[in-house]
Structure formats: structure tokens, C-alpha cells
Amino acid sequence: MTARYLAVKALMRQEQNGYANLVLDSELKACKPPLSPRDAAFASGIFYTVLERRSLLDWMLAQFSKRPLEKLDAPVRAILRAGLAQAKFMDVPLPAAVNESVKLAKAFGKTSAAGMVNAMLRRTAALDPKPEHWPDLEERLRIYYCLSQPIAALFAAQYPQDAEAMAAAFYQRRPTAIRVNPLRTTDEALTQTLQQEGHTVTAGPWPHCLLVMFNGNPAASKAFHAGQFHVQGLASQFAALCCDARPGMRVLDLCAAPGGKSLTIAEQMQDRGELFSGEAMTGRVKLLKQAFDRCGIERAKPYHGDATILNPAFGLGSFDRVLCDVPCSGLGVIGKKPDIREKTLDGIENLLLTQQKILQNGAKYLAPNGRLVYSTCTVNHHENEAQVRQFLQDNQDFSVIAPQIILSGMRVGEYGTLFLPHETSTDGFFAAILERQKNC
């Protein structure tokens, strides 16, 4: 099976079922014989480029299609998208993209469409769409920047001056941020180790943070297997560091999986004290345990639990620090998860209620003079500042504390700190530090 064939097969499944990561991973694992690492990376590149650019690819193809794209056979539609993505966004020479796409049409039993595939790809590849082709901001976000209509409308309404720059920033490729495990190594030693493995390493904005251009999968590094680091975005690190966890404290991470913030907190605590890391999905609790074991964390206790349900057995009012990294719409991590681009935002009201419940429960677990951190990986005002404003109205003994950690471009406001990708070169993110006022 060729990389292109696998990518088209995965695109067909994804269009029908969603779940981009699961679809691609299952196709790669099922491939016999397995693709080489290089071919697997190429297949992934095609798959994710199509997901990132699907609306624009479809607009280009529609200019020359005699039939609506949705009326084309699924394999032909996927082959056209994949071929055009290679030619326009992956630096694949047009003749190669066209010829291989024609072969794919035949391989998928669509020989009668081979001529059409050839002609359409050659014509559409000559197009050079620019953002100014769509004067209306919302339409430009939807077609050129490939965001669903609800997301485009939300960005245009909430960030009329920033929406386009933010949408463009989701396409930027940045170094991978990692968190050094000081229980296992030092910043200097890990830098040297990764450089010897062939990776490019620069210092991050704060201690124990490195920015790495990995030559391959970070999880393939020997240093990763030795528990010397974990991958964690800068904004995510910021939220964990805002907890200011210290050795000997009792700390609760209510929504912990996949575990990056819990690992950072445990390392801040020097693995001394108590850290409870909760996860509502049973299967992900095992992943937390594996992460702790790999990094030599012994004082963290992963558990299965729904953060929206208060558990008095933990001890109400007994935690020095509580982190509520709540489920959210994910609109800040579109660059990492391109399938989010097609979200409808249906059910957002239920999501807002879930966030409120978790934050209120977090406050009930908190000890006097403790610190509560609320965070999301979205830029939606209703999930961020509005939630904190409502919490403060309902809990007047709390106030927002300004962060001591600074990252260039972050917006520190009355209700928390906002990261916009085009200003901070990070994921879109929000975090608020909440403390009980000492005079209450």
C-alpha cells in the first residue's frame, strides 16, 4: 500500500466518521507491510493538509467541476483533495501529484474518472486564491482560512481586529515546547542529549522549558523514554506554573489527562506531598499512570472520577492548590487539531454548565488561603472571561491574582490571562488565578 493510497483511504473514513487522529492511527497500524517512517510521515502530511485546507481546496475544485463535489464518488472526492493539497501546499511537483492521483483513481476502481481527475487537478493547480478575494471577514475566515461557519462567526464577532491574524497563525509551524524533568536531568544536560540525537534546541522563556525542532517523533527520543522530559505547549505550561505548587502541598488536578500539567505540578513539588490527578474517562487513567511511572513520579495518584460530581471523600477545604483545566471547545488548538475547524459548536450551553460545575467544585475542595487555577485551550470569551466573571459574582470572597510568569504578547485582563496565537506564538489559551481574599 502506498502512502497516497493510505492517506486517501483515511480521508474517506474521516469524512464519514470524524475522529481524525484515531482514523489515521488505525490506518497506519493496519497497513501490511507497515509503511516506512518516511512514507508514514508523507501519508500524515497529505491527510492533515487536506483537513487544514479542505474548504479552500473544495472552493478551488468547484471552479472547474461540472458536478457539485458532494455528488462525486467519495474516493474521487478524496483523491482530488489529496492531489490538489500536494501540488498547492506540500511542494509536490504538479506532474507527480497529477500522475499519482490518476493511478489512485484506477486503484480505487474509478478508472472512468481518471481523465476528469487529470484535467481538474491541472486546472485547479493554476489558481492562486488570495484572502482579499473574500472582502467579507466571516466569509474569508470560512473559505480561505477553512473554519466552520459557527467558528468563523464567533471569531468575527469576538475578535474583529484579530480574527484573520489568529486564523493565519493556526497554519504556522513552530518548535515543539517540552518540559524538562528536574528529577531526572538538568536543562543543560537534556539540551546536550537532544542535540546529540540530531534535534535543534533553544531555551524556552522560563526555567525547565526547551523549544525543540525534532527530527522525527519526540516520543522516539531515548531521553523521552528515560523520563527526562514531556511534551507540553507553552500556554499549557503557563497554566500549570500558575498553580505555584510547592513541596509538601496537597494538590488536586480535576481534569488531568493526558497528564502534562500534572507532570509539571509534580515536578514543581519535587515529588513531595500529595497530588491527585482525576480523569473522567477510564481508559485515560492508565495513560496518566504510565506518564507518572515514566517520569519517576511516585506521589501522584491518578484516579477515575467525574469532576462535575463533588466527592467529599477527598476532603472538602483541604487542598492547597486546585487546577480546573476544564473541557472546552478547543478553539485555541486548531493548529494542532485540524478537525476542530469543522466544529458546529452545538451543545455549547451544556459545555458552559459543565465548566461552571467543575469550577465551583474546585472552590469547595480548596483550603483557606489556597489557590484555584481555571484554564481552557479556547479563545471563546463565553468559556473564559465570562465564566470567571460569573464565578466571582457567586463567590465574592475570591479575587483574580495577576500572574508572576510573563510571556511576550499575553493579555492580562481583569478576569484572567489570554493567549492569542498570533501574539504569543503559542496555542490559544486562557488561565485565571483565583485566591480567597485574606480579609474575608
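In this text, all values refer to a predicted model and were calculated from it rather than measured experimentally. Positions are given from 1 along the sequence.
- Classification of R341 and D339 as a salt-bridged pair fails, no side-chain N sitting under 4.0 Å from a carboxylate O.
- Judged as a salt bridge (charged side-chain N to carboxylate O under 4.0 Å, His left out), the pairs with a partner in residues 108-127 (not counting sequence neighbours) are, in order, D73-K110.
- Here the straight-line distance linking atom CG of L407 with atom CG of L241 works out to 11.0 Å at 0.5 Å rounding.
- A tilted orientation is assigned to the rings of F238 and W206, their planes being inclined by 30° to 60°.
- Here the side chain of T417 pairs no donor or acceptor atom with the backbone of G413 at under 3.5 angstrom.
- I433 has its side chain out of reach of L372: every pair of non-hydrogen atoms, C-beta onward, lies at least 4.5 Å apart.
- By the 4.5 Å heavy-atom criterion applied to side chains, R179 and E267 are counted as neighbours.
- With salt bridges taken as basic N to acidic carboxylate O contacts below 4.0 Å, one links R81 and E15.
- Between H133 and W59, the ring planes lie perpendicular to each other; the angle is over 60°, past the 30° to 60° tilted range.
- Applying the salt bridge (charged side-chain N to carboxylate O under 4.0 Å, His left out) rule to pairs touching residues 412-424 yields R411-E423, sequence neighbours excluded.
- Rounding to the nearest 0.5 Å gives a distance of 12.0 Å between CD1 of I79 and CE of M120.
- Residues D394 and Q360 form a side-chain contact, since some pair of their non-hydrogen atoms from C-beta on lies under 4.5 Å apart.
- D427 places none of its side-chain heavy atoms less than 4.5 Å from the side chain of L234.
- With sequence neighbours excluded, the residues satisfying side chain to side chain contact (heavy atoms under 4.5 Å, CB included) with A153 are E138, Q149.
- Here the side chains of P150 and K343 are not in contact, with every heavy-atom distance at 4.5 Å or above.
- Within 6.0 Å of the CD atom in Q404, the count of heavy atoms belonging to other residues, nucleotides or ligands does not exceed 12.
- Side-chain atoms of S221 never come within 3.5 Å of backbone atoms of P218 as a donor-acceptor pair (strictly under, hydrogens ignored).
- Judged as a side chain to side chain contact (heavy atoms under 4.5 Å, CB included), and not counting sequence neighbours, the contacts of T111 are K106.
- Expressed to the nearest 0.5 Å, how far CD of Q387 lies from SG of C328 amounts to 11.0 Å.
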Under the criterion side-chain hydrogen bond (donor to acceptor under 3.5 Å, both in side chains), I'd like the reasoning laid out for T264 against H230: C-alpha separation, chi angles, the key distance, then a yes or no.
CA-CA 9 Å; T264 295; H230 66 272; 3.3 Å; yes
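- Aromatic pair F229/F224: centroids less than 6.0 angstrom apart.
- For residues 194-215, there are no salt bridge (charged side-chain N to carboxylate O under 4.0 Å, His left out) pairs, not counting sequence neighbours.
- The distance from the CZ atom of F276 to the CG atom of L252 is 8.0 Å, given to the nearest 0.5 Å.
- Checking side-chain atoms of D325 against main-chain N and O of D253 turns up no donor-acceptor pair under 3.5 Å.
- Between the R321 side chain and the C243 main chain, a donor and an acceptor come within less than 3.5 Å of each other.
- T344 and D346 share a donor-acceptor pair across their side chains, judged by distance under 3.5 Å alone.
- With a 4.5 Å cut-off on side-chain heavy atoms, L323 and S375 count as touching.
- Looking at L11, L51, L6 one by one, the single match for side chain to side chain contact (heavy atoms under 4.5 Å, CB included) with L24 turns out to be L6.
- Legend: residues meeting side chain to side chain donor-acceptor pair (under 3.5 Å) with D244, ordered by chain and number and at least two apart, are R246.
- The pair D293-K289 meets the salt-bridge criterion, with a side-chain N (NZ, NE, NH1 or NH2) lying under 4.0 Å from an Asp/Glu carboxylate O.
- Checking side-chain atoms of E164 against main-chain N and O of L137 turns up no donor-acceptor pair under 3.5 Å.
- Not one N or O on the side chain of S236 forms a donor-acceptor pair closer than 3.5 Å with the backbone of Q232.
- Taking the side chain as every heavy atom from C-beta outward, L211 and I178 never approach each other to under 4.5 Å.
- Side chain of E279 to main chain of P302: no donor-acceptor pair is present (N/O by atom type, distance under 3.5 Å, no hydrogens or angles).
- Here the CD atom belonging to Q356 is positioned 12.5 Å from the OG1 atom belonging to T308, to the nearest 0.5 angstrom.
- Counting only N and O atoms by type, the side chains of S277 and K301 include no donor and acceptor under 3.5 Å apart.
- A donor and an acceptor atom, one from each side chain of R184 and Q228, are nowhere located under 3.5 Å apart.
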H382 vs I348, side chain to side chain contact (heavy atoms under 4.5 Å, CB included): CA-CA, chis, key distance, verdict:
CA-CA 10 Å; H382 299 295; I348 190 70; over 6 Å; no
Please assess V388 against V400 for the test side chain to side chain contact (heavy atoms under 4.5 Å, CB included), listing each intermediate value before the final yes or no.
CA-CA 9 Å; V388 175; V400 175; 3.9 Å; yes
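- Within the structure, the salt bridge (charged side-chain N to carboxylate O under 4.0 Å, His left out) test picks out no pair touching residues 208-225 (sequence neighbours left out).
- Residues meeting the side chain to side chain donor-acceptor pair (under 3.5 Å) test with N215, sequence neighbours left out: none.
- Listed by chain and residue number, Q290 satisfy the side chain to side chain contact (heavy atoms under 4.5 Å, CB included) test with K286 (two or more places apart in sequence, or in another chain).
- Between V333 and I340 the shortest side-chain heavy-atom distance falls below 4.5 Å.
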Would you be so kind as to tabulate the donor-acceptor pairs closer than 3.5 Å made by side chains of residues 85-95, with sequence neighbours excluded?
from	atom 1	to	atom 2	distance (Å)
Q86	OE1	R4	NE	2.8
Q86	OE1	R4	NH2	3.1
Q86	NE2	A82	O	3.1
K88	NZ	A125	O	3.2
K88	NZ	L127	O	2.6

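- Within the model, atoms CG of L345 and CG of N380 stand 7.5 Å from one another, a figure rounded to the nearest 0.5 Å.
- Counting only distance, with no hydrogens or angles, the side chain of E383 and the backbone of S329 share a donor-acceptor pair below 3.5 Å.
- A donor-acceptor distance shorter than 3.5 angstrom exists from the side chain of N384 to the backbone of T378, with no hydrogens or angles considered.
- For residues 61-71, the set of pairs meeting the side-chain hydrogen bond (donor to acceptor under 3.5 Å, both in side chains) definition, not counting sequence neighbours, is empty.
- A side-chain donor-acceptor contact under 3.5 Å links H304 to the backbone of A280.
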Assess whether side chain to side chain contact (heavy atoms under 4.5 Å, CB included) is satisfied between I265 and L275, documenting all intermediate values.
CA-CA 8 Å; I265 290 170; L275 170 61; 4.1 Å; yes
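- For residues 154-195, there are no ring pair (Phe, Tyr, Trp, His ring centres under 6.0 Å) pairs, not counting sequence neighbours.
- For E52 and R173, the salt-bridge test passes: some basic side-chain N is under 4.0 Å from an acidic carboxylate O.
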